[in-house]
Every structure is written in structure tokens, then in C-alpha cells.
Amino acid sequence: MKKEYLNKFYQKTHEERLHALVSAEVILEEDTSDFKRKLQLPEETANHMIENQISTYELPLGIGLNFFIDQKEYVVPMATEEPSVIAAASSAAKIIRQAGGFKTSIQERTMIGQIALKDVSNMKEAEEIILQHEDQIIEKANQAHPSIVKRGGGARSVKVRQIEADEQYNAPAFFVIHIHIQTLEAMGANIINTMVEAVKPYLESLTGGTAIMGILSNYATECLATATCHIPVSLLRKGSFSGEEVRDRIIEAGQFAVVDPYRAVTHNKGIMNGIDAVVLASGNDTRAIEAGVHAYATRSGQYRSLSNWSKAENGDLVGTMTIPLPVGTVGGSINIHPGAIFSKQLLGNPTAQELEAIIVSVGLGQNFSALKALVTEGIQKGHMGLHAKSLAISAGAVGDQIDLVSNELKKRKNMNLATAKEILEQIKDI
Ligand code: NDP
């Protein structure tokens, strides 16, 4: 990648941006012709994707720049409606790349399928029987989806969980069997669901219980991705704040989000700003990722920050984050949606593990940017600057009026819709 062609990307026109991507060798010249139409979801495809389809719903697709992850350059596709997310991610990535970039470690990808049974009279005995029949259970699961086995994946092991009756919630005892399944490049929901439904009757016959359901768990605790960054204080200086002050304040802000759930939710929402944008652009299931990530944030028994910020022995700021990230590079709408197909090309056709590495790094970068702004100049300065354009458009500005109104709006004390309308009227009168 010839990264230098992407400098000042935000200042370029739409056409210049496409040419910059060609010059940077990120996309091909032929990709640029009829670019927008090629990325649109055809009506026929949309109609087959969901029920009762009447139209498509568009979001802006932008690119996160400066990402240097595990010694590799990336231009990251991000689909989001929120201003400032991409700017914040890119500016964090710019600082972190100067410090050597993100380093990641990605767990071997294993998904969990659950079968819940009730009325198992002797759970201890049932557990022994299940574990004695682990090979047969695995075999039956694999027979239900032989193609994933042929590819080198499939069911690997079986675990049992006994959940006691809970009077407070009026819930009976449940006997739960987890099948650990490797779904390779797929997120695997359908592969797993097919397998667990197929073994349900066998598990009923082994335990004497009644199966309530068989389905994957979106709490993908066996598919974890970790990103780390080390940032020297020399890169942290901001306005009147020294690098040491910014580092210490970021650490304090991180500690606050560890202990206070009210802050942790907002802190993690900021992380998900970046994560969701890449998950969505890559054609993956945002709800599956959101549900798993937030559950993981409660693993200590309290909802806490997903990230951790500390001081290294040499004084660097160290950021680290581990989250469940069961994303795929095949399956679902990934190879159907033209936007998702393009996103995959933009990322250089990554493996699912590599995609995890990119997404967890974007999340950590997003968090760094938000914390740095919060503990220095505050979040509103950058955010409202970008929000001004949305206000200008909401006020009815079109074409050149958008920049004129938003630039004037930024100078005003009350940056709101009423002021945007007032400015627009004044511009129209000139
Ligand atoms: P698919 O059902 O599309 O299955 C993926 C398919 O990709 C496999 O069947 C496999 O085909 C094919 N494939 C090709 N190459 C590979 C490879 N290298 N590794 C693995 N598979 C490969 O998708 P998923 O099972 O991943 O399910 C994801 C979808 O399920 C998403 O759309 C999600 O929204 C949805 N979903 C989510 C749920 C949840 O999260 N709770 C519940 C239900 C659905 P082959 O059979 O030939 O091997």
C-alpha cells in the first residue's frame, strides 16, 4: 500500500478520494467507475434477504485510516451514521502506528452450541453418561453437517453444565450440554443450529430428560480476540497537558469505567461505535457481536469496562482489550451484499482470525481517542464540529450551503437546529 496518497483524505472530494485509493493501490482503477451503484444492494437480492421487503436502507460507508496491525497496513471499511467515529478511529490509529501499531492475539475459533434439557431426574448420573458418550455425541453432530468436517472443522468436545432451580425467578433446574464446534471461516450460527438440533433426541434418550431447545450461544467465550497498544508519553501531549498528564488521566478514566457501571456502559458504547461499524461493513451480524460483548463485560458479576489502561515500566501508556468476536468471512450475507464484498476486498481478503484482529484493534483505538478527548479538551469540541454538518443538512442546507452553514454554526455559542436555520436564512438572503 502506498499510504502517502491517503494523506489529508478528509479534505478531498469524493472523486479525489477514489483516485487516492487507486494511487495508494488499495482499489483498482476499474473499481471506481459507477462506484456507488456497484456497492448498492440490488432489489432482487434485498427481497431474498428478508421478509416483507419494500426498499433498502442506506448508511454512509467510510474508511478508517492509519491502521497498522500486527505489522500490516489496513484501510478499514466502516459503515455508520454517527459523525466523528471514523475521524476518531483514524486519529487514534495515527498515534498508535507511530508507536509500532496494534498487536493482537486471537484464540483458536471455537463456537458453542447449547442443548437445554429439563426433568433430568439425576443430574450427576446424567453428566457421567453424557461424558462417557462424548465421542458418539460428537459423531452425531458432525454427521448432521458433514461439509464443515470435510473442510477441517466440526464438533470437537462436549461439556455439561448443571443449573440449579432458582426460586426467586421461579425457574426449574436445567441440565445443559455444550458442544464446542469449530466453524472455521464462518460465524457458524446455522452450522451449529443444525448440529445441536440433530443431537437433541439422542441426548434425551441418554439422560431421560426433555429437550427445551438446541441453539448456538452468542456468548462466544471460546472465540476471544485481544488487542494491545503501547504508547510513549511523547505522543500523548495535548494542548496544555503534558504526555504524562494525559497518560495518567486516561488510566484514571479507565479505572472509573472499571468500577462504575454507569460510566462503563458509555465507555463500552464508544468502543462499539468502531466495532459495530466494521462488523456491519463486513456483512457480519452486529446483534450477535453486541450481545456477546456486553455479556462478556459482566463476567465478574458487574458490568465493567471492556478495555484496560495502565502504565508500563518504561512509562508508556498500555491499552489492552479482550472481547468475544465470532465474525465470519463467509456465510450469511457476507458474500451476497455488494458492500460487504467490497469491504472484504478493501481489507485484502482477510481470514476470519485476521478480521477479528482488525475489529478488536479498531475498538481499542476508538476507546483511546474517546478517553484522550474526554480527559483533555472534552468530547464536544471534535464531536460538535462534525455534528454541525448534520445540523446544517437538517436545517435544509444543500450543496455549498452545507459547508457555509456548518462553518458559521461552529462559531456560534448555541450550536443547534434553530441557529442552523437562522444562518441558512441569512445565507439565502445574500
Ligand atoms: P451460513 O449458514 O451461510 O453457513 C456458512 C457456510 O459457508 C457453510 O455452510 C459452508 O458451506 C460455507 N463455507 C464456505 N467456506 C467455508 C469455510 N472456509 N469455513 C466455513 N464455512 C465455509 O452462515 P453461518 O452458519 O455462519 O450463520 C451466520 C448467519 O446466521 C448470519 O446471517 C446470522 O445473522 C444468522 N443467525 C444468527 C443467529 C444468532 O446469532 N443467534 C441465529 C440464527 C441465524 P458448506 O456447507 O458447503 O460447508
Side-chain angles (χ1 to χ4, degrees), residues 59-67 69-70 74-93 96 101-107 109 187 218-221 223-229 254 257 264-299 303-309 319-329 332-334 339-340 343-344 346-347 350-372:
L59 283 178
L61 176 72
I63 54 172
L65 294 171
N66 310 313
F67 279 92
I69 304 166
D70 298 328
Y74 290 98
V75 167
V76 183
M78 300 176 80
T80 180
E81 90 298 347
E82 188 172 338
S84 88
V85 168
I86 295 176
S90 303
S91 103
I96 293 167
F102 297 91
K103 311 242 174 336
T104 72
S105 90
I106 311 298
Q107 206 179 18
R109 291 160 53 83
M187 176 263 210
N218 285 113
Y219 194 25
T221 52
C223 184
L224 300 177
T226 302
T228 308
C229 60
V265 171
T266 323
H267 178 98
N268 292 345
K269 186 272 179 189
I271 291 170
M272 298 313 288
N273 275 343
I275 291 180
D276 278 351
V278 192
V279 170
L280 187 59
S282 68
N284 274 284
D285 184 335
T286 48
R287 290 83 55 208
I289 300 302
E290 282 274 352
V293 163
H294 293 296
Y296 195 68
T298 66
R299 67 194 181 284
Y303 190 91
R304 296 182 194 279
S305 159
L306 292 161
S307 62
N308 190 285
W309 294 93
T320 177
M321 181 168 79
T322 298
I323 51 170
L325 257 186
V327 287
T329 58
S333 65
I334 293 168
S343 294
K344 206 157 127 174
L346 202 63
L347 290 171
T351 61
Q353 278 193 318
E354 197 179 345
L355 183 59
E356 284 187 48
I358 297 162
I359 296 173
V360 70
S361 299
V362 171
L364 184 62
Q366 204 79 49
N367 187 228
F368 168 69
S369 229
L371 293 183
K372 184 162 170 263

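Minimum heavy-atom separation, Leu61 to Ala281: CD1-CB, 3.9 Å. Considering all non-hydrogen atoms of both residues, Glu82 and Asn273 come closest at OE1-OD1, 3.3 Å. Considering every non-hydrogen atom in both Ile86 and Gly62, the closest pair reads CD1-CA, 3.6 Å. Between Gln107 and Cys223, the shortest heavy-atom contact is OE1-N, 3.2 Å. The two atoms that bring Ala357 and Ser361 nearest to each other are O-OG, 2.7 Å, heavy atoms only. Taking all atoms of both residues into account, the shortest heavy-atom contact from His267 to Ser307 is NE2-OG, 2.8 Å.
Leu325 pairs with exactly one of Val293, Val360, Leu355 by the side chain to side chain contact (heavy atoms under 4.5 Å, CB included) rule, that one being Val360.
Annotation: side-chain hydrogen bond (donor to acceptor under 3.5 Å, both in side chains) contacts of Ser333 (sequence neighbours excluded): none. Taking Lys103 as the reference, nothing meets the salt bridge (charged side-chain N to carboxylate O under 4.0 Å, His left out) condition, with sequence neighbours excluded. Partners of Thr228 under the side-chain hydrogen bond (donor to acceptor under 3.5 Å, both in side chains) rule, at least two apart in sequence or in another chain, do not exist in this structure. Looking at residues two or more places apart in sequence or on another chain, you find a side chain to side chain contact (heavy atoms under 4.5 Å, CB included) between Ile334 and Asn284, Lys344. Residues forming a side-chain hydrogen bond (donor to acceptor under 3.5 Å, both in side chains) with Glu354 (at least two apart in sequence, or on another chain): Lys72, Tyr74. Taking the side-chain hydrogen bond (donor to acceptor under 3.5 Å, both in side chains) definition, one finds that Asp276 meets it with nothing, sequence neighbours left out.
Of the possible donor and acceptor atoms, one in the side chain of Asp70 sits under 3.5 Å from a partner among the backbone N and O of Thr104. Counting only distance, with no hydrogens or angles, the side chain of Asn367 and the backbone of Asn268 share no donor-acceptor pair below 3.5 Å. With hydrogens and angles ignored, the 3.5 Å screen pairs a side-chain donor or acceptor of Asn66 with a backbone N or O of Ser90. Counting only distance, with no hydrogens or angles, the side chain of Ser369 and the backbone of Gln366 share no donor-acceptor pair below 3.5 Å. A donor-acceptor pair under 3.5 Å is absent between the side-chain atoms of Arg304 and the main chain of Arg299, judged by distance alone. Not a single donor-acceptor pair under 3.5 Å links the side chain of Ser305 to the backbone N or O of Gly254.
Taking CD from Glu81 and CG from Leu280, the interatomic distance works out to 9.5 Å, rounded to the nearest 0.5 Å. In this structure, OG1 on Thr226 lies 7.0 Å from CD1 on Ile106, to the nearest 0.5 angstrom. In this structure, Ser282 OG and Ile359 CD1 are separated by 5.0 Å, a value rounded to the nearest 0.5 Å. The CG atom of Asn218 lies 12.5 Å from the NE2 atom of His294; values are rounded to the nearest 0.5 Å. With rounding to the nearest 0.5 angstrom, the CD1 atom of Ile63 is 6.5 Å from the CG atom of Leu346. To the nearest 0.5 Å, the span separating CZ on Arg109 from CG on Leu224 amounts to 11.5 Å.
You'll find the side chain of Val327 reaches within 4.5 Å of the side chain of Ile289, heavy atoms only. The side-chain heavy atoms of Phe102 and Ile96, taken from C-beta on, include a pair separated by under 4.5 Å. In this structure, Thr329 and Thr351 have side chains that are not in contact, with every pair of non-hydrogen atoms separated by 4.5 Å or more.
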Run the side chain to side chain contact (heavy atoms under 4.5 Å, CB included) test on Val362 and Phe67 for me, step by step, so that the C-alpha distance in whole Å, both residues' side-chain angles and the decisive distance to 0.1 Å come before the verdict.
CA-CA 8 Å; Val362 171; Phe67 279 92; 3.9 Å; yes
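Ring orientation note: the planes of Trp309 and Phe368 are tilted relative to one another, at an angle of 30° to 60°.
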